[in-house]
Each structure stands twice: as C-alpha cells, then as structure tokens.
Amino acid sequence: MEKGIPSEMYKEHIIELYKSPRNLGCLENSTHKATEHNSLCGDEITINLIVDKGKVKEAKFSGSGCIISMVSSSLLTEKIKNMELEEIKKMGKKDMLDLLKIDITPARIKCALLPLETTKKALGF
Amino acid sequence: MELNNKTIKRIKKDFPIFKNNKRLVYLDNAATSQKPKQVINTLKNFYEKDYANIHRGIYRLSEKATELYMKSKEIVAEFIGSDPEEIIYTKNTTESLNLLSYSLPFIISESKGEIKSKSKRKSKKNEIVLTELEHHSNLIPWQQLAKRNNMKIKFIEIKPENYELDFDDALKKITNKTAIVAINHVSNSFGLINPIKEIIKFAKSKKAITIVDAAQSMPHMKVNVKDLNCDFLAFSGHKMLGPTGIGVLYGKKELLKKLPPFLFGGGMINDVELKKSSWAEIPFKFEAGTPDISSAIGLGRAIRYIQSIGIENIESWEKKLTAYALNKLKEIPGIKVYNSSKNISGILSFNFEKIPPHDVASLLDFYGIAIRAGYHCNIPLMKKLNIPGTCRISFYFYNSFEDIDYLVKILKKISLEITKKLE
C-alpha cells in the first residue's frame with residue numbers, strides 16, 4: 001500500500017506537462033476569449049483564440065489551478081489548433097480523457113473538463 | 001466519558017462507516033460528520049415500528065410519532081439552553097438563515113417603523129453587519145435581503161497577521177444604523193472561535209437583532225443561547241452525528257411570536273378561510289408541510305449520544321488533537337499552515353508550496369484519507385487573502401492521534417516525492 005506515490009493520475013507525461021506547459025499566455029489579437037472557474041476548488045482558466053475561416057489558428061491559455069486542469073489546458077490548446085469549429089463543438093468528456101491518457105477519479109473530471117468548457121464558451125457554443 | 005486512545009478505539013466501533021471502509025481516515029468533519037449505529041438504528045426503528053405523520057392522526061401510531069418528534073425538540077432545547085417552543089426545525093443552517101432573511105424585515109419595520117420594503121424613504125436602521133469570515137450561507141441570503149430592501153452590508157474585517165476578527169473594527173461597524181448583526185461562531189475555513197458574546201452585547205446596545213451561525217461550533221463545544229443572549233441561532237444536524245435534512249433555528253420566544261412565517265401551507269395554520277388564514281402557535285407556524293420527522297428524531301438521538309460522551313470531553317479531546325496536528329504539520333517540508341492563532345477549534349488549513357490543494361486531496365485519497373480542498377464556501381475571504389484555496393482538515397471526537405500520525409506520514413511522502421518530481 002505504501003510503496004510509492006500512486007502514479008495513475010500523476011504519470012510522468014502529466015507531471016512533465018505541468019512543469020513545462022504548452023501555449024501558456026495571452027493573445028493580444030485574439031478573436032475569441034473566455035474565462036471560466038470552478039467555484040468549488042478554485043481553478044480558473046482563460047482561453048484566448050484566433051479564429052479564421054471557421055478554424056482555430058492560434059490558442060493560448062492562462063490562469064491557475066490544479067495539476068489536472070493545467071495539463072488538460074495544455075493538451076486541449078495543442079489539439080484544437082487548425083481544428084474546425086464544428087469539430088470542437090462535438091468534443092466531450094471522452095475526448096478530454098483520451099488526450100490526458102490517465103485514469104481520473106470522478107471527483108476530478110470537472111478539472112479535466114474545465115478548459116473544454118471555457119473554449120466552448122469562448123466560441124459561443 | 002473521558003476520551004483517550006483506548007476509549008476512542010471503542011467509540012470508533014459505534015460508527016459502521018469505519019468497519020465498511022477499513023482504510024478510511026475521515027478528516028472532513030466540518031463538511032459533515034459520520035453517523036453512529038445508535039442514530040442509524042433510531043431511524044430504522046422509527047420507520048419499522050412507529051412511523052406515521054405527526055399532529056394529525058387520531059390513532060396510536062400518529063400519537064407515538066408526534067411524541068417522538070416533540071421529544072426530540074425537548075432534547076435539542078435542553079442541549080442549547082432554550083425552551084422547546086423556541087426550536088424551529090428546518091432543512092439545515094442555510095435554510096434557517098434564509099428563513100430569517102425573508103421574515104425579519106417585517107418585524108424590523110413593525111417594531112421600529114423604520115425599514116420599509118422598496119420604500120425610498122430614508123430609514124435610520126438599514127445596515128446589516130457580517131464578518132469577512134462568513135460561509136456563503138451567512139452571506140448570500142443577506143446580500144439578497146439588502147438588494148430587496150435597499151439595505152447596506154458592512155463587514156467586520158479580519159487581522160491579516162492571524163485572520164482573527166478585528167474586535168475594534170466590530171465596534172466601528174456596528175452603529176445605531178445597524179438593523180441586523182449576523183456572525184459565525186467558528187470560521188469554517190480557519191477554525192477561529194470568534195468573540196461572539198462580546199459582539200452580541202455590543203450589538204444589543206445599538207438595538208440590533210443578533211444572529212449566530214453555529215454550524216461549526218454546536219457539534220464541538222458547549223453553546224448556550226441564554227449565555228450568548230443572541231436573538232437567533234442556526235445550526236445543522238448532519239454535522240453533529242445527526243441525519244441529513246434536519247437543521248435548527250433557535251429564536252427568542254417574544255421575537256418568534258412577532259416573526260411572520262416564511263413558508264405557508266399545511267401544519268402551520270390555526271384557522272383557514274377561503275380568503276384569509278391565521279397562524280399556529282410557535283414554533284409550528286414556521287414548519288409548513290410534513291417535516292423531516294425521522295431526521296428530527298435522529299437528531300435527538302445524536303444529541304443523546306454526544307451527551308453520553310459529554311460535550312466538554314469532546315471539546316477538550318479535539319483541542320488536544322488540534323494542538324498535536326498543528327505541531328506535526330509544521331514539521332513537513334514545503335508546507336504552509338494558515339492557523340497561527342491559538343483560539344481555534346478543530347479546523348486546520350494548509351498548502352504546499354509547489355502542489356495545488358486539489359492534487360494534495362487526490363493524492364491523500366489514494367491512501368484512504370478524506371480531506372477537503374478548495375475555497376470552502378469562502379470565496380471573498382480567499383480572494384482577499386490571495387489564497388488559491390487550501391487543504392482543510394477538520395476533526396471530530398472519533399479522530400485519534402493515530403489518524404494524525406498517518407496523515408502526517410503520507411503528507412511527508414507526498415511532499416518529498418511529488419515536490420521532487422515537480423522540480
């Protein structure tokens with residue numbers, strides 16, 4: 001039971017992305033922007049997007065939160081670059097879990113989904 | 001019963017949750033408490049042997065159910081030092097405070113003729129005083145009242161060095177303009193015990209109505225409404241071994257008599273005509289509809305359980321646990337403990353320098369340790385202190401020194417292994 005820290009949720013690739021996030025920052029010329037927070041635990045994420053011809057050209061995130069929500073933000077902003085808006089609209093829980101590639105406890109699902117919800121809000125979905 | 005390592009072991013056996021979850025170290029008692037089998041069996045027995053609606057049936061079962069329900073009010077009243085007719089059953093603390101926020105403006109305007117709903121006329125008493133430490137349940141109902149009745153809310157500030165309530169500020173904020181003072185007895189984020197007796201005394205001198213949110217104090221320490229001399233006091237049953245769905249609003253008899261009902265319907269009436277009705281006596285005029293009869297009876301049993309141990313024994317055991325935990329936590333590398341005051345009840349808040357609180361809670365959960373992480377329904381407070389939430393542990397009397405040793409051992413491990421990974 002007490003051999004090491006349980007690694008399911010905190011695998012190397014998750015820790016690495018938390019230490020060196022992708023697409024962290026703001027976009028001065030963003031066309032779409034939204035902030036969402038999880039009022040229970042305090043995660044807050046802002047998503048900045050540049051949309052052109054029905055596609056996301058650039059995506060950045062900023063904010064503060066737990067390891068899962070930060071890593072999830074890195075992965076999502078990476079994934080949606082050059083993606084059709086209609087495809088993003090269809091994304092759901094399973095897509096986020098596929099991106100994270102870890103088992104997540106039910107209590108933490110909302111951390112994983114926060115960036116997707118924020119992105120959809122920015123896009124008006 | 002004096003509490004020590006040996007008696008705690010025996011007491012834990014009363015709580016089936018620990019039998020069914022062998023690894024569980026439950027440290028989220030400020031959110032809700034676990035239930036002893038005595039309370040669970042009381043509910044079961046009531047449904048199996050004595051169940052019927054109360055105050056209605058002319059038959060033995062209904063009479064028995066009514067008797068059990070009324071007995072529970074006597075138990076609650078005895079526990080807090082009031083009369084049974086001063087005990088109103090609600091769903092929880094939140095509902096108790098909402099009831100007041102809706103009904104109070106009527107008696108303030110009646111007795112003083114000063115606050116009139118939606119009136120533009122300037123009134124002398126139109127301020128509500130709260131503290132910066134309030135749980136959302138003792139903040140949002142007053143925000144809404146202020147909005148409805150064009151009132152102003154003032155906040156007694158906390159001292160930044162130890163988060164204690166600034167008593168001098170209380171003396172400044174409570175004035176002749178203050179209509180209502182509503183304060184928490186124990187802060188749910190930092191466990192601070194507030195000097196409410198002194199604040200109530202001062203508020204009385206300004207003729208304000210005084211309300212105490214006792215959700216975090218009632219389960220853990222002797223609270224006597226006569227001694228506090230508050231006008232109203234609210235608490236929840238589920239945080240003190242009772243079932244969910246039962247809360248209490250205490251009010252001084254003379255005020256309850258004047259206070260109009262909040263909910264209307266069956267059970268709360270005296271006489272009904274097609275176009276008008278009159279209300280039942282207190283406390284029944286505040287209990288419209290079939291109440292949570294079984295939970296009320298369960299709360300009575302929960303209080304009897306607490307009394308069998310002794311609330312003073314509970315308080316002193318939890319003090320020992322808190323002092324021990326505070327020292328042990330401070331030994332952990334990379335930790336910041338927010339409780340610096342000595343005047344605390346069994347609630348401790350901390351953070352790791354490098355690991356977000358939510359992740360700490362998840363990691364502890366892998367080891368069977370249940371704690372709370374986040375804002376604890378204190379968003380304005382956390383924003384003021386610029387804290388992105390905290391990890392919070394909160395004790396009840398069934399916790400042991402062993403629980404704390406295990407928690408500290410795992411926290412040390414997390415600190416060491418995860419912090420290293422994050423570097």
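The sequence lines fix the lettering, A, B, ..., with proteins before strands; numbering per chain opens at 1.
- Within residues 20-31 of chain A, no residue has any heavy atom less than 4.5 Å from a heavy atom of chain B.
- With rounding to the nearest 0.5 Å, the separation of OH in A:Tyr18 from CD1 in B:Ile355 is 9.0 Å.
- Only the backbone of B:Lys354 comes within contact range of chain A, with heavy atoms under 4.5 Å apart.
- B:Glu423 and A:Lys19 get closest at one heavy-atom pair: O-NZ, 2.9 Å.
- A 6.0 Å sphere centred on CD of B:Gln144 holds more than 12 heavy atoms belonging to other residues, nucleotides or ligands.
- The number of heavy-atom neighbours closer than 6.0 Å to CD of A:Glu78, taken from other residues, nucleotides and ligands shown, is above 12.
- Between B:Lys421 and A:Glu12 there is a salt bridge, since a side-chain N of the basic residue sits under 4.0 Å from a carboxylate O of the acidic one.
- Scanning residues 51-72 of chain A against chain B with a 4.5 Å heavy-atom cutoff picks out A:Gly65, A:Cys66, A:Ile67, A:Ile68, ordered by number.
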Only distances under 3.5 Å count here; give the side-chain donor-acceptor pairs of residues 110-125 of chain A to other protein atoms, sequence neighbours excluded, each with its distance to 0.1 Å.
{"unit_1": "A:Lys110", "atom_1": "NZ", "unit_2": "A:Ala107", "atom_2": "O", "d": "3.4"}
{"unit_1": "A:Thr118", "atom_1": "OG1", "unit_2": "A:Leu114", "atom_2": "O", "d": "2.6"}
{"unit_1": "A:Thr119", "atom_1": "OG1", "unit_2": "A:Pro115", "atom_2": "O", "d": "2.8"}
{"unit_1": "A:Lys120", "atom_1": "NZ", "unit_2": "A:Lys89", "atom_2": "O", "d": "3.2"}
{"unit_1": "A:Lys120", "atom_1": "NZ", "unit_2": "A:Met91", "atom_2": "O", "d": "2.6"}
{"unit_1": "A:Lys121", "atom_1": "NZ", "unit_2": "A:Thr35", "atom_2": "O", "d": "2.9"}

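- Heavy atoms of other residues, nucleotides or ligands lying less than 6.0 angstrom from NZ of A:Lys81 number more than 12.
- By the 6.0 Å contact criterion, NZ on B:Lys12 is enclosed, its count of non-hydrogen atoms from other residues, nucleotides or ligands being greater than 12.
- Counting heavy-atom neighbours within 6.0 Å of B:Lys13 NZ, excluding the residue itself, gives a total of 12 or less.
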Could you list the donor-acceptor pairs under 3.5 angstrom formed between side-chain atoms of residues 155-163 of chain B and any protein atom two or more places apart in sequence or on another chain?
{"unit_1": "B:Asn162", "atom_1": "OD1", "unit_2": "B:Glu164", "atom_2": "N", "d": "3.1"}

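- More than 12 non-hydrogen atoms from other residues, nucleotides or ligands lie less than 6.0 angstrom from NZ of B:Lys384.
- Rounding to the nearest 0.5 Å gives a distance of 7.0 Å between CG of B:Leu363 and CE of A:Met9.
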